[in-house]
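Shown next, in structure tokens, is the structure this report addresses.
Heavy-atom basis, side chains included; hydrogens, waters and symmetry copies ignored.
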Amino acid sequence: PSASSWTTYPTAAGDLSFDLPSTWNIKDPAGELAEGGGAFAEVTSEDGRLLATLRTNMATGSTCTEKYPYSVIESQDLPQLKQDDRMPRYTFETRGNTDIPGPPETPAAAYGITIAAPPEGDTTCYIFHFFTWPPNAAMFGGFYNPELNLTPGDPSLPYLEKAKLYAQTPEYRDIKRMITSLRPAG
């Protein structure tokens, strides 16, 4: 079942906060700012499994050199985080399919907040979950890992099928609720 009691976590930088199940844990640099400033927090389940990571004050930049088939399992706009003309959104998305694999040595399913435009066409670049947050960018999310993310069904199912099943679990719904609760503190 879904966690019944929730608590609010303010970042050490004091600029953001989010809600999480009270049984989950936050690992941060002892409440201090991350190296170079900004926030850093890892959210783990009650049994220590990494579920999501929050980082702010990140330098970003990417070049799309290869494109992959994709699917969007779920997407939701997050107006509380809008910093410019582009709307951040929460997304749970995949890369690759049964015919064409996703990026090599990279998990091909992830959930998190992105400012990247929604994909168009049949293919898109690798997963890019960053959003605008002063002074430059931030990320809050995680890669789907069937060894960490409790997924029902036959363990021999293909990875992308497991990711789709995971989206129906109470744990995933709590992760989504937590990530989409991210907001300016105050």
Where do Arg183 and Gln80 land on the side-chain contact (heavy atoms from CB on, under 4.5 Å) test, with the steps shown first? CA-CA 6 Å; Arg183 61 199 175 271; Gln80 74 271 22; 4.1 Å; yes

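- Leu50 CG to Thr44 OG1: the interatomic distance, rounded to the nearest 0.5 Å, is 7.5 Å.
- The hydrophobic cluster containing Ile115 also contains Ile113, counting ILVMFWY residues as joined when their side-chain heavy atoms lie under 4.5 angstrom apart, directly or transitively.
- When side chains are defined from C-beta on, Lys164 counts as touching Ile73, because their heavy atoms get closer than 4.5 Å.
- Using modelled atom types, one side-chain atom of Asn145 and one backbone atom of Glu147 make a donor-acceptor pair closer than 3.5 Å.
- A cation-pi contact links Arg177 to Trp6, judged by a cut-off of 6.0 Å to the six-membered ring centre and 45° from its axis.
- At distances below 3.5 Å, at least one donor-acceptor pair connects side-chain atoms of Tyr159 with backbone N or O atoms of Ala109.
- There is a side-chain donor-acceptor pair under 3.5 Å between Thr151 and Tyr144.
- Between the side chain of Ser181 and the backbone N or O of Asp19 there is at least one donor-acceptor pair closer than 3.5 Å.
- Lys82 places no side-chain N or O within 3.5 Å of a backbone atom of Pro88 that could act as its donor or acceptor partner.
- Looking only at side-chain heavy atoms (C-beta outward), Ile26 and Leu20 come within less than 4.5 Å of each other.
- Once rounded to the nearest 0.5 Å, the distance linking OG1 of Thr53 with NZ of Lys27 reads 9.5 Å.
- One finds a salt bridge joining Glu93 and Arg95 here, because a Lys/Arg side-chain nitrogen approaches an Asp/Glu carboxylate oxygen to under 4.0 Å.
- Here the CG-OG distance, from Leu148 to Ser45, works out to 8.5 Å after rounding to the nearest 0.5 Å.
- Taking the side chain as every heavy atom from C-beta outward, Pro135 and Asn57 approach each other to under 4.5 Å.
- Side-chain contact check for Lys176 versus Phe92: every heavy-atom pair is 4.5 Å or farther apart.
- Heavy-atom minimum distance, Pro152 versus Thr169: CD-CG2, 3.4 Å.
- Taking the side chain as every heavy atom from C-beta outward, Arg86 and Phe131 never approach each other to under 4.5 Å.
- Only one option out of Thr8, Thr180, Ile179, Val43 pairs with Phe18 in a side-chain contact (heavy atoms from CB on, under 4.5 Å); it is Val43.
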Dump the intermediate steps for side-chain contact (heavy atoms from CB on, under 4.5 Å) on Thr123 and Tyr70, then the final yes or no. CA-CA 6 Å; Thr123 61; Tyr70 72 93; 5.5 Å; no

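- Salt bridge absent: Arg55 and Glu42 never bring a charged side-chain N and a carboxylate O closer than 4.0 Å.
- Checking side-chain atoms of Arg173 against main-chain N and O of Glu171 turns up no donor-acceptor pair under 3.5 Å.
- Side chains of Asn149 and Tyr166: a donor-acceptor N/O pair is present below 3.5 angstrom, by distance only.
- For the residue pair Thr94 and Ser71, a side-chain donor N or O sits within less than 3.5 Å of a side-chain acceptor on the partner.
- In this structure, Ser22 contributes its side chain and Thr7 its backbone to no donor-acceptor pair below 3.5 Å.
- With rounding to the nearest 0.5 Å, the separation of CG in Leu16 from CG in Leu54 is 6.5 Å.
- Using cut-offs of 30° and 60° for the angle between ring planes, the Tyr90 and Tyr172 rings count as tilted.
- Contact between Leu81 and Pro184 at its shortest, heavy atoms only, is CD2-CD, 4.4 Å.
- For the pair Arg89 (side chain) and Ala116 (backbone), a donor-acceptor distance under 3.5 Å is present.
- The pair Asp47-Arg49 meets the salt-bridge criterion, with a side-chain N (NZ, NE, NH1 or NH2) lying under 4.0 Å from an Asp/Glu carboxylate O.
- For the residue pair Trp133 / Gln83, no side-chain donor-acceptor distance below 3.5 Å is found, with atom types taken as modelled.
- Here the closest heavy-atom approach between residue Gly96 and residue Leu160 is recorded as O-CD1, 3.3 Å.
- Counting heavy atoms from C-beta outward, Phe140 and Leu78 have side chains that stay 4.5 Å or more apart.
- The side-chain heavy atoms of Lys67 and Asp122, taken from C-beta on, include no pair separated by under 4.5 Å.
- Aromatic ring centroids of Phe128 and Phe130 lie under 6.0 Å apart.
- Between Ala39 and Thr56, the shortest heavy-atom distance links the atoms N-OG1, 2.5 Å.
- A pairwise comparison of heavy atoms in Ser17 and Pro10 identifies CB-CA, 3.9 Å as the closest pair.
- For the residue pair Thr114 and Thr91, the shortest heavy atom distance occurs at CG2-CG2, 3.8 Å.
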